[in-house]
Amino acid sequence: MPKLKTNKGAAKRFRRTANGYKCAQSHLNHILTKKSSKRKRKLGPLNQVDETDVGRVRQMLPYS
């Protein structure tokens with residue numbers, strides 16, 4: 001069988017962990033002056049990919 005191709009866009013956004021996949025949130029790169037400190041603080045930490053989406057992420061990253 002041929003090798004499976006990794007979705008390179010997904011490879012840049014998701015990382016495998018022991019419990020699933022982690023990903024960062026968007027909207028924290030520019031135009032930060034109009035966003036409240038609370039909103040920016042909530043966008044900071046990494047998130048866990050929801051269980052319902054793990055199958056799709058696993059399909060895009062076959063070798064992770």
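Just so it is clear, the values below take in all heavy atoms, side chains as well, and ignore hydrogens, waters and symmetry mates.
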Let me check something: any side-chain donor-acceptor pairs from residues 22-29 under 3.5 Å, sequence neighbours excluded? List them with distances.
none

**Request:** Quick one: pull up CG in Asp50 and OH in Tyr21 and give me the separation to the nearest 0.5 Å.
**Result:**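 Interatomic distance, Asp50 CG to Tyr21 OH, rounded to 0.5 Å: 14.5 Å.
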**Message:** Rounded to the nearest 0.5 Å, what separates atom CZ in Phe14 from atom CZ in Arg56?
**Reply:**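 Phe14 CZ to Arg56 CZ: 10.5 Å, rounded to 0.5 Å.
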**Lys35 side-chain N/O to His30 backbone N/O, donor-acceptor pair under 3.5 Å** =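 Between the backbone of His30 and the side chain of Lys35 there is a qualifying donor-acceptor contact (under 3.5 Å).
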**Prompt:** Would you say Lys40 and Ser36 make side-chain contact, with heavy atoms under 4.5 Å?
**Reply:**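 SC-SC contact between Lys40 and Ser36 ruled out.
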**Message:** Show every side chain to side chain donor-acceptor pair (under 3.5 Å) that has at least one partner inside residues 4-19, sequence neighbours left out.
**Reply:**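 Pairs touching residues 4-19 that pass the test: none.
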**Shortest non-hydrogen contact between Tyr63 and Leu4, atoms and distance** =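 Smallest heavy-atom distance, with atoms named: OH-N, 3.1 Å.
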